[in-house]
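Structure, as structure tokens:
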Amino acid sequence: MSDLEEAEIWYESATAVFGSARGREKYTVAVAQSIHALIKANDALTMKYLGKRSTSHEGASKLFGDLVKRRKIDPKFAGLRRLLTRAAAEKSDFDYKAVEVGKSTASSWLRDVEQFLKVVRSVLGR
């Protein structure tokens, strides 16, 4: 399975949980899964253009920055690095601390990650 395929499965899972009949906890889980999708999508880019993946969640944004600096991806996407930085900073809140989030926060994460996935597909020609 490719990194992009895995990212898409994480994202599909996040959207399924978000839309489920479960309680408010589903929003925290949806955010955590969307962050997994984001990091795997970034791995798809870095493996293709740098031949490596991040060894930490914090490293994902650095490698994305390297892609932009080396002109492996269009500089117009440079702002997406902020999403990776935010994801690394907040990931453990959702994965391990189970910080509760609401529907609007979860919805925002899903939109942002969906946009990132669209960029990754475009850059990879898929």
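Residue numbers count from 1 along this sequence.
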Exercise. Do any N or O atoms from the side chain of N42 and from the backbone of A60 form a donor-acceptor pair under 3.5 angstrom?
Worked result: yes

Exercise. Which pair of heavy atoms, one from S13 and one from Q33, lies closest together, and at what distance?
Worked result: OG-NE2, 3.0 Å

Problem set entry | Polar side-chain atom of S107 near backbone of S104 as donor-acceptor pair, under 3.5 Å | no

Problem set entry | Side-chain heavy atoms of K52 within contact of L63, under 4.5 Å | yes

For this session: Say whether W109 and V17 are linked into one hydrophobic cluster, either directly or through other cluster members, by side-chain heavy-atom distances under 4.5 angstrom.
Result: no

For this session: Would you name the heavy atoms of L124 and A44 that are closest together and state the gap between them?
Result: CD1-CB, 4.0 Å

Exercise. What are the two closest non-hydrogen atoms of S54 and G59, and how far apart are they?
Worked result: CB-C, 3.6 Å

For this session: Supply the atom-to-atom distance S56 OG to K62 NZ, rounded to the nearest 0.5 angstrom.
Result: 10.5 Å

Exercise. Is there side-chain contact between I35 and W10, with at least one heavy-atom pair below 4.5 Å?
Worked result: no

Problem set entry | R126 backbone acceptor or donor facing R121 side chain under 3.5 Å | no

Problem set entry | Side-chain heavy atoms of Y11 within contact of V113, under 4.5 Å | yes

For this session: Provide the closest heavy-atom pair for L83 versus D112 in the form atom of the first, atom of the second, distance.
Result: CD2-O, 3.7 Å

Problem set entry | Sub-4.5 Å side-chain heavy-atom contact between E100 and Y27 | no

For this session: Kindly compute the distance separating CD1 (I73) from CG (L80), expressed to the nearest 0.5 Å.
Result: 7.5 Å

Exercise. How many angstroms lie between atom NZ of K103 and atom OG1 of T105, to the nearest 0.5 angstrom?
Worked result: 12.5 Å

Exercise. Just wondering, do F64 and L50 contact through their side chains at under 4.5 Å, heavy atoms?
Worked result: no

Problem set entry | Heavy-atom closest pair, residues A30 and L110 | O-CD2, 4.4 Å

For this session: Measure across V123 and F77 and return the closest heavy-atom pair with its distance rounded to 0.1 Å.
Result: CG2-CE1, 4.1 Å

Problem set entry | Contact check, side chains of E6 and D43, non-hydrogen atoms, under 4.5 Å | no

Exercise. Which is it for R81 and V68 under the side chain to side chain contact (heavy atoms under 4.5 Å, CB included) test, yes or no, and what are the steps along the way?
Worked result: CA-CA 9 Å; R81 184 177 182 186; V68 175; over 6 Å; no

Exercise. Under a 4.5 Å side-chain heavy-atom rule over Ile, Leu, Val, Met, Phe, Trp and Tyr, are V120 and I9 clustered together?
Worked result: no

Exercise. Got a donor-acceptor contact below 3.5 angstrom from the K26 side chain to the S20 backbone?
Worked result: yes

Exercise. For R86 and E90, what are the C-alpha separation, side-chain angles and deciding distance, and is it a salt bridge (charged side-chain N to carboxylate O under 4.0 Å, His left out)?
Worked result: CA-CA 6 Å; R86 183 173 146 223; E90 297 179 17; 3.6 Å; yes

Problem set entry | hydrophobic_cluster_shared for M47 and L84, side chain cutoff 4.5 Å | no

